[in-house]
2 protein chains.
Amino acid sequence: MKKIDIFNKLRTSGLRPTKQRVEIAKFLFEREKTFHFTVESLNKLLEKKTTSKFALATIYNTVHAFKNAGHLSELEVKGNKTYFDTNVSNHHHFYDSETSELIDIDEKEVVIQKIPKAPNGKKIKNIEVFINLKN
Amino acid sequence: MKKIDIFNKLRTSGLRPTKQRVEIAKFLFEREKTFHFTVESLNKLLEKKTTSKFALATIYNTVHAFKNAGHLSELEVKGNKTYFDTNVSNHHHFYDSETSELIDIDEKEVVIQKIPKAPNGKKIKNIEVFINLKN
DNA sequence: TTTTCACTTTAGAACTATTATAAACTAGAA
DNA sequence: TTCTAGTTTATAATAGTTCTAAAGTGAAAA
Ligand SMILES: [Mn+2]
Ligand SMILES: [Mn+2]
Ligand SMILES: [Zn+2]
Ligand SMILES: [Zn+2]
């Protein structure tokens, strides 16, 4: 994803392409593989990989703006920190609780044969499968 | 589960059956259906349903002691609070994010036909399925 | 261009969930 | 009954996140 695309991505989301947002967007979205992170881990990586520095509040603001724009999704992971995912399609995860490492599983790699029907007047929105790993 | 059983459950877990532990254990374990809760919700319910009062730290201590003893499991739910589950067997959940309500699904109610193999030298510990609901 | 201003960033305060501390209390062995 | 390790408790400390309001800035309008 090139700079012009980052600009468009931000603009079409109603987000002004500020210096900070562009740099964080490049870091998050210009990569081949899915990236799973917490605000803390993102902050550390940005400190390491870029010369600019960002207020922690800006990282929170930006990550939430991207999430609200549909460019990031939030993950359910044990512990008190919020995890984010650059893969916003329906997909599943391997999870290694010892290393807190998450690995994407494409939706098509998991086939479910049988599930119970949704309770009362509710419908199924989506299904998430976590495969917990050990050594 | 009767009082004597609560006493045994605590004793055999190496936990002294104190007034507080017995009362919390009765509240958590003397019920037909699975109970999903946060420390905050448990605290409020204990205030309402019992005459004794408990220091918040005691509720944290007790819940963690029960978890370490294998009487409670921890759940992965979006948000910053830690959820606990009185069902410690492998099972799945319906989840309604609007009400934060969790409903148990027995392991046998979900049949998975195909999953990818675990990465590198790792093995699959268990599989958790979350069925997200909408109205 | 320059001006203007709504939007954004920022440092720090505030807030919320959780854990640590250490003094007072207590279950239960002796 | 005495004794003590284990437990409870109030409170402080910590960690993750959100709020606040002042300073800065992108970009539309003049
Ligand atoms: Mn979490
Ligand atoms: Mn959580
Ligand atoms: Zn993912
Ligand atoms: Zn459950």
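Since this is a predicted model, take the numbers as computed values, not measurements. Letters go in sequence order (proteins before strands), and every chain restarts at 1. Note: hydrogens, waters and symmetry copies are ignored here, and every other heavy atom, side chains too, is used.
Not one N or O on the side chain of B:Ser73 forms a donor-acceptor pair closer than 3.5 Å with the backbone of B:Ser89.
Residue pairs meeting the ring-ring contact (aromatic ring centres under 6.0 Å, His included) criterion with at least one member in residues 92-135 of chain B, sequence neighbours excluded: B:His36-B:His93, B:His91-B:His93, B:His93-B:Phe130. Legend: ring-ring contact (aromatic ring centres under 6.0 Å, His included) pairs involving residues 55-75 of chain B, not counting sequence neighbours, sorted by first then second residue: B:Phe29-B:Phe66.
Contact annotation: the side chain of B:Glu30 approaches that of B:Ile6 to within less than 4.5 Å [non-hydrogen atoms, C-beta and beyond]. B:Glu128 is not listed as a side-chain neighbour of A:Glu76, based on a closest heavy-atom distance of 4.5 Å or more. A 4.5 Å side-chain heavy-atom check between A:Phe84 and A:Leu28 finds every atom pair outside the cut-off.
When rounded to the nearest whole Å, the span between NZ of B:Lys44 and C1' of C:dA17 equals 13 Å. When rounded to the nearest whole Å, the span between CD of B:Glu40 and P of C:dC15 equals 16 Å. In this structure, B:Lys81 places its NZ atom 5 Å from P of C:dA17, rounding to the nearest Å.
Nearest-nucleotide positions on DNA chain D place B:Leu15 closer to the 5' end than the other of A:Phe84 and B:Leu15.
Where DNA chain D meets chain A (any atom under 4.0 Å from a heavy atom), the bounding nucleotides read 5' to 3' are D:dG16 to D:dA27.
In the hydrophobic clustering, where aliphatic and aromatic side chains (Ile, Leu, Val, Met, Phe, Trp, Tyr) are joined below 4.5 Å either directly or transitively, B:Val88 stands alone.
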Pick out the pairs of N or O atoms, protein on one side and nucleotides 25-29 of chain C on the other, that lie under 3.5 Å.
unit_1 : atom_1 : unit_2  : atom_2 : d
C:dG28 : OP1    : B:Arg11 : NH1    : 2.7

Verdict with supporting geometry, A:Leu133 and B:Ile124, side chain to side chain contact (heavy atoms under 4.5 Å, CB included)
CA-CA 5 Å; A:Leu133 299 173; B:Ile124 292 174; 4.3 Å; yes

Go through it in stages, so that I can follow the logic: the residues are B:Lys122 and A:Glu101, the test is salt bridge (charged side-chain N to carboxylate O under 4.0 Å, His left out), and I'd like the CA-CA distance, side-chain angles, deciding distance and then a yes or no.
CA-CA 12 Å; B:Lys122 287 172 185 170; A:Glu101 191 189 9; 3.5 Å; yes

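A heavy atom closer than 4.0 Å to some atom of DNA chain C occurs in A:Ala55, A:Ala57, A:Thr58, A:Asn61, these being the qualifying members of residues 55-70 of chain A.
Between the side chains of B:Ser52 and B:Glu23, a donor-acceptor pair is found at a separation under 3.5 Å.
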